[in-house]
Protein chains: 2
Amino acid sequence: MRSGFGQFCPVAVACEIFAERWTPIILRELFNGAEHFNEIHRGIPLISRPLLVKRLRELEAAGVIVREALPNGRGRYCLSEAGKEFAPLIEQLGTWGQRWTSRVERRNLDAGLLMWNLRRRIVLELLPPQRVVVRFKYGGIPAAYRGYRVFWLLLERMQVDLCVVDPGFEVDLYVTADLAAMTRVWLGDELLESALRTREIELVGKGELVKAFPSWLMLSRFAGVPRPVAAAGG
Amino acid sequence: MRSGFGQFCPVAVACEIFAERWTPIILRELFNGAEHFNEIHRGIPLISRPLLVKRLRELEAAGVIVREALPNGRGRYCLSEAGKEFAPLIEQLGTWGQRWTSRVERRNLDAGLLMWNLRRRIVLELLPPQRVVVRFKYGGIPAAYRGYRVFWLLLERMQVDLCVVDPGFEVDLYVTADLAAMTRVWLGDELLESALRTREIELVGKGELVKAFPSWLMLSRFAGVPRPVAAAGG
DNA sequence: CGGTATCCCCCGCGATACTG
DNA sequence: CAGTATCGCGGGGGATACCG
């Protein structure tokens, strides 16, 4: 697999930069607001760290991202003007995936990734003034899965924190969920109300919090993408 | 490189199908109207035939293309409804490549590929009623290039044929060009008139044909994409 | 935290030859 | 024309350990 396609076509040259393995997913993380190395890596846990470094360097060399070295030894990755113009591509990839693929396969289930994404999509403005601690516990997890299955979400007025070890606060709301069901809800494949009815997802806590909880979740950016109209006979 | 990214995110799942090596380029060919195996392969000469077969099977399994077996033993590849929805992605990739990359690198120069693409972008309606035979001869070709450098284009009212061996007809118009210059013109990086002035491209033949020739060429689909506004100090 | 450095395996892929 | 079959290699990338 020698690099490059040997074609002057703009599509081919763009592919040499954009369509490398993991690259669109790295860009997705940057568009989602990730800036630091470990932040990016948390959104893509299955990429090895050396490979993530390599891809970031390649994107930098291609002028897609700019690396800023912060004084404290940290790095910071920002999309360049050219990089920002990949936004519609990520958008369309997600739209296509939402319309034409089944995403909730066992091999794709990952409770940690689900929580990491969910954390970014909380409607801060709807949260009550005082801190709310929500504990999530997942069941129905694939045998091969080696990550965490219990999480604490600390919801504060202007900030959300995700913990994988008990932060010690009193829990206000308990969420117990089948991982596949919660993933379907996140992706817009199933209504939260429906999963609550079938008890694949259960909420336990003060009535007002149980009632308000669904309104805090924005779900995946692609949850609302319209599905293809079923063809006749399909 | 085990397949898949292990993420339920629609972007990731779409990437598993779309962002494989060569796949966007195969789709580009299908959008350009290629339907048969060798037709697709002519647009992507550097892919090995077994690998092209493999990619086509993968796209078929993913529901992106449909293969029709014709009675004469030929196959025919068509984009499915899902496949057609990749159109904006190919468009965006080409647009990005046109705006942000330099495409006319030595490693990308390929006279055969240039002619094969040029052939598809002739304005049939502007051709004169009788056949016009144009002979192209390229110079300035990279030493590593092993393809043809002389071509005959048979322009007829409703059809264009490309030959790499002398078809035997009398030549009406001779085009002699530097390969890089002709590629730049094709990609919209340089005006044909400019290349004619510098004599990187020369036209020899009847005056009326020499004059009409530029109007027959539509150039690359991306030739007209607006370039980024130069940043101050760039 | 944000990377390097090293080792090594595996499989993606090209090359080549063959077939209906 | 449109593939299939087989072989062998090279390097992409995972695992692991180390560093400033």
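Rounded to whole angstrom, the span from the CG atom of B:Leu52 across to the P atom of D:dA2 amounts to 11 Å. Here C:dA15 presents its C1' atom at 12 Å from NE2 of B:His41, a figure rounded to the nearest Å. Rounded to a whole Å, the CD1 atom of A:Ile26 is 11 Å from the P atom of D:dG13. Between B:Ile44 atom CD1 and C:dC13 atom P the separation is 14 Å, expressed in whole Å. In this entry the distance linking CD1 of A:Ile47 with C1' of D:dA15 reads 15 Å, nearest Å. Between the CD atom of B:Glu35 and the P atom of D:dG3 there is a distance of 13 Å, rounded to whole Å. Between the NZ atom of B:Lys54 and the C1' atom of C:dG14 there is a distance of 13 Å, given to the nearest Å. For A:Arg21 and D:dG12, the CZ to C1' distance is 10 Å, given to the nearest whole Å.
Counting only residues at least two apart or in different chains, ring pair (Phe, Tyr, Trp, His ring centres under 6.0 Å) contacts with residues 14-55 of chain A comprise A:Phe18-A:Phe86, A:Trp22-B:Phe5. Annotation: side chain to side chain donor-acceptor pair (under 3.5 Å) contacts involving residues 163-175 of chain A, sequence neighbours excluded, are absent. The salt bridge (Lys or Arg N to Asp or Glu O under 4.0 Å) pairs that include a residue from residues 131-147 of chain A number zero, where partners must be two or more places apart or lie in different chains. A salt bridge (Lys or Arg N to Asp or Glu O under 4.0 Å) check over residues 44-73 of chain B, counting only residues at least two apart or in different chains, returns the pairs B:Glu20-B:Arg55, B:Lys54-B:Glu58, B:Arg55-B:Glu58, B:Glu68-B:Arg76. Every pair passing salt bridge (Lys or Arg N to Asp or Glu O under 4.0 Å) that includes a residue from residues 107-126 of chain B is listed here, sequence neighbours excluded: A:Glu16-B:Arg107, B:Glu29-B:Arg120.
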Find every protein N or O atom lying less than 3.5 Å from an N or O atom of nucleotides 1-4 of chain C, and list the pairs.
{"from": "C:dC1", "atom 1": "OP2", "to": "A:Asn38", "atom 2": "ND2", "distance (Å)": "3.3"}
{"from": "C:dC1", "atom 1": "O3'", "to": "A:Arg74", "atom 2": "NE", "distance (Å)": "3.3"}
{"from": "C:dG2", "atom 1": "OP1", "to": "A:Arg74", "atom 2": "NE", "distance (Å)": "2.6"}
{"from": "C:dG2", "atom 1": "OP1", "to": "A:Arg74", "atom 2": "NH2", "distance (Å)": "3.1"}
{"from": "C:dG2", "atom 1": "OP2", "to": "A:Asn38", "atom 2": "N", "distance (Å)": "3.3"}
{"from": "C:dG2", "atom 1": "N7", "to": "A:Arg49", "atom 2": "NH2", "distance (Å)": "2.9"}
{"from": "C:dG3", "atom 1": "OP1", "to": "A:Arg57", "atom 2": "NH2", "distance (Å)": "3.2"}
{"from": "C:dG3", "atom 1": "OP1", "to": "A:Arg67", "atom 2": "NH1", "distance (Å)": "3.0"}
{"from": "C:dG3", "atom 1": "OP1", "to": "A:Arg67", "atom 2": "NH2", "distance (Å)": "3.1"}
{"from": "C:dG3", "atom 1": "OP1", "to": "A:Tyr77", "atom 2": "OH", "distance (Å)": "3.4"}
{"from": "C:dG3", "atom 1": "OP2", "to": "A:Tyr77", "atom 2": "OH", "distance (Å)": "2.7"}
{"from": "C:dG3", "atom 1": "N7", "to": "A:Arg49", "atom 2": "NH2", "distance (Å)": "3.1"}

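Residues of residues 106-118 of chain A that place a heavy atom closer than 4.0 Å to DNA chain C do not occur.
Listed by chain and residue number, A:Glu91 satisfy the salt bridge (charged side-chain N to carboxylate O under 4.0 Å, His left out) test with A:Arg221 (two or more places apart in sequence, or in another chain). When the side-chain hydrogen bond (donor to acceptor under 3.5 Å, both in side chains) test is applied to B:Ser102, the partners found at least two apart in sequence or on another chain are B:Glu105. In terms of the salt bridge (charged side-chain N to carboxylate O under 4.0 Å, His left out) criterion, A:Arg28 has no residue partners (sequence neighbours excluded).
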Output a table of donor-acceptor pairs, distance under 3.5 Å, between side-chain atoms of residues 149-156 of chain B and any protein atom two or more places apart or on a different chain; print 'none' if there are none.
none

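Secondary structure note: stems in DNA chain C built from 3 or more consecutive Watson-Crick or G-U wobble pairs under 3.5 Å occupy C:1-20 with D:1-20.
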Check: Taking it one step at a time, do A:Arg42 and A:Trp116 satisfy side-chain contact (heavy atoms from CB on, under 4.5 Å)?
Finding: CA-CA 8 Å; A:Arg42 274 194 86 166; A:Trp116 180 249; 3.5 Å; yes
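A:Leu70 and A:Gly75 get closest at one heavy-atom pair: CD1-O, 4.3 Å.
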